[in-house]
2 protein chains.
Amino acid sequence: MKKLDILKKLRSSGLRPTKQRVEIAKFLFERDKTFHFTIESLDKLLAKKTSSKFALATIYNTVHAFKEAGHLSEVEVRGNKSYFDTNVSNHHHFYDSETAELIDIDANDIVIQKIPKAPNGKKIKNVEVFINLKN
Amino acid sequence: MKKLDILKKLRSSGLRPTKQRVEIAKFLFERDKTFHFTIESLDKLLAKKTSSKFALATIYNTVHAFKEAGHLSEVEVRGNKSYFDTNVSNHHHFYDSETAELIDIDANDIVIQKIPKAPNGKKIKNVEVFINLKN
DNA sequence: TTTCACTTTAGAACAATTATAAACTAGTTT
DNA sequence: AAACTAGTTTATAATTGTTCTAAAGTGAAA
Ligand SMILES: [Mn+2]
Ligand SMILES: [Mn+2]
Ligand SMILES: [Zn+2]
Ligand SMILES: [Zn+2]
């Protein structure tokens, strides 16, 4: 993803392309592969890989703004820390608890043959498969 | 589950059957159906449904001891709060975000037809299916 | 350029959890 | 039965992850 696309992406989702947002967006979205991260890991990586300084609150604000705008998704992982994901399409995960790392699984790589019907007057919003790994 | 079984369960897992543990165990395990809870909800329920007082630290300690002993499992749910589960067998969940409630799905009620192989030298430890509900 | 709503920031506040260390108790030993 | 002791409970402090606050700064429109 090019810088111009990043500016477009920010503007089109009602986010002013500030210095901080552009830098964080470049760091997150100028990638070939999915990137999974926590606020803590992102904070450290930004400190290491960029020359700018970011208040922790800005990282929280920005990540949430990107999530709100649909540019990031949040993944449920064991622990009390939030994990975010640059892959916003419907997909699944491996989880390696040794390294605390998530690995994407394409939605098409898992086929569910039998599934129970939703209770009461409820409907199924989405199905998430989480595969825990061991050595 | 009878009180005698509870004493047995505690002793056999190396847990002294103290007044607090027995009371909490009775509350958790003398049930027909699975019980899903957070520490906060358990604290409130114990205050309401029992005549004893429990330090919050004791509830944390006890729940963790039960989990360590394999009498409770922990379920990953969106949010920064831990959910526990009296069903320690392999099973899946519906999650109703309206009520923040988990509903058990028997392992046999979900059949997966196609699943990717584990990466590198890793193996699959277990597969958790999480079905988000909407109205 | 001036303006102003939006943004960033440092720090405070908050929520969930874990650690601490003194008082207490279940179960063993005398 | 009294003493002993390792394990437990408790109140409270500390820690961790996250959100709030309000003052200073900035993007972009006028
Ligand atoms: Mn989590
Ligand atoms: Mn969670
Ligand atoms: Zn992913
Ligand atoms: Zn369950």
Side-chain angles (χ1 to χ4, degrees), chain A residues 3-4 6-27 36-47 50-69 71-72 74-84 100, chain B residues 3-4 6-27 36-47 50-69 71-72 74-84 100:
Chain A
K3 169 143 188 190
L4 232 123
I6 283 186
L7 294 182
K8 224 176 276 176
K9 165 178 273 199
L10 292 180
R11 281 196 222 281
S12 69
S13 44
L15 297 167
R16 275 194 201 167
T18 62
K19 184 159 67 69
Q20 291 82 349
R21 284 178 181 159
V22 172
E23 275 244 50
I24 296 176
K26 283 170 68 184
F27 184 77
H36 298 106
F37 63 94
T38 63
I39 299 288
E40 191 195 13
S41 71
L42 178 58
D43 182 37
K44 285 186 179 136
L45 286 169
L46 287 171
T50 76
S51 45
S52 317
K53 293 272 169 293
F54 302 90
L56 188 56
T58 300
I59 301 178
Y60 274 99
N61 289 343
T62 303
V63 166
H64 282 133
F66 289 174
K67 184 192 166 190
E68 251 43 39
H71 303 132
L72 289 174
E74 195 166 351
V75 184
E76 201 42 49
V77 179
R78 210 150 296 272
N80 299 315
K81 218 178 276 194
S82 290
Y83 278 69
F84 296 90
Chain B
K3 167 143 187 188
L4 233 121
I6 283 184
L7 294 183
K8 224 175 277 177
K9 164 179 276 202
L10 293 180
R11 281 196 223 280
S12 69
S13 45
L15 297 167
R16 272 196 204 166
T18 62
K19 185 158 67 68
Q20 291 83 348
R21 286 180 180 158
V22 172
E23 275 245 48
I24 295 176
K26 283 171 68 182
F27 184 78
H36 298 107
F37 62 95
T38 63
I39 298 288
E40 190 194 13
S41 71
L42 178 58
D43 183 37
K44 284 186 179 136
L45 286 168
L46 288 170
T50 77
S51 44
S52 318
K53 293 273 168 294
F54 302 89
L56 188 56
T58 300
I59 301 178
Y60 274 99
N61 288 342
T62 303
V63 166
H64 282 133
F66 289 175
K67 184 192 166 190
E68 251 44 37
H71 303 132
L72 288 174
E74 196 167 351
V75 185
E76 202 41 49
V77 179
R78 210 151 297 270
N80 299 315
K81 218 178 277 195
S82 290
Y83 278 69
F84 296 90

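Convention: sequence-line order gives letters A, B, ...; per-chain numbering from 1. What you see is a predicted model; the values in this text were computed from it and never measured.
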Using a cutoff of under 3.5 Å, can you pull out all pairs of nitrogen or oxygen atoms linking the protein to nucleotides 17-19 of chain D, with atom names and distances?
from, atom 1, to, atom 2, distance (Å)
D:dG17, OP1, A:Lys81, NZ, 3.2
D:dT18, OP1, A:Ser82, N, 2.9
D:dT18, OP1, A:Ser82, OG, 3.3
D:dT18, OP2, A:Tyr60, OH, 2.9
D:dT18, O5', A:Tyr60, OH, 3.3

task = Let me know the distance between CD1 of B:Ile59 and P of D:dT8, rounded to the nearest Å.
result = 17 Å

message = With a 4.0 Å limit, can you tell me whether B:Arg16 has a side-chain N or O closer than that to the phosphate oxygens OP1/OP2 of C:dT25?
response = no

ask   = Between A:Asn61 (CG) and D:dG25 (P), how many Å, whole number?
value = 18 Å

inquiry  = In whole Å, I'd like the distance from the NZ atom of B:Lys19 to the C1' atom of D:dT10.
reply    = 12 Å

request  = For A:Arg21 and D:dG25, give me the distance from atom CZ to atom P, rounded to whole Å.
outcome  = 19 Å

ask   = Does B:Thr18 place a side-chain N or O at less than 4.0 Å from the phosphate oxygens OP1/OP2 of D:dG7?
value = no

ask   = Can you check whether B:Ser82 reaches A:Asn80 side chain to side chain, under 4.5 Å on heavy atoms?
value = yes

ask   = Would you say the side chain of B:Thr62 lies within less than 4.5 Å of the side chain of B:Leu15, judging by non-hydrogen atoms?
value = no

query = Quick one: is B:Arg11 getting a side-chain N or O under 4.0 Å of the C:dA26 phosphate, OP1 or OP2?
reply = no

query = CZ of A:Phe54 versus P of C:dT8: gap in Å, rounded?
reply = 10 Å

ask   = How long is the line joining CG of A:Leu15 and P of D:dT26, in whole Å?
value = 19 Å

pair B:Phe37-B:Lys44: side-chain heavy atoms closer than 4.5 Å = no

note = Taken to the nearest whole Å, NZ/A:Lys53 to P/C:dA10 is 11 Å

task = Verify the contact: side-chain N or O of B:Gln20 to OP1 or OP2 of C:dT25, cut-off strictly under 4.0 Å; return yes or no.
result = no

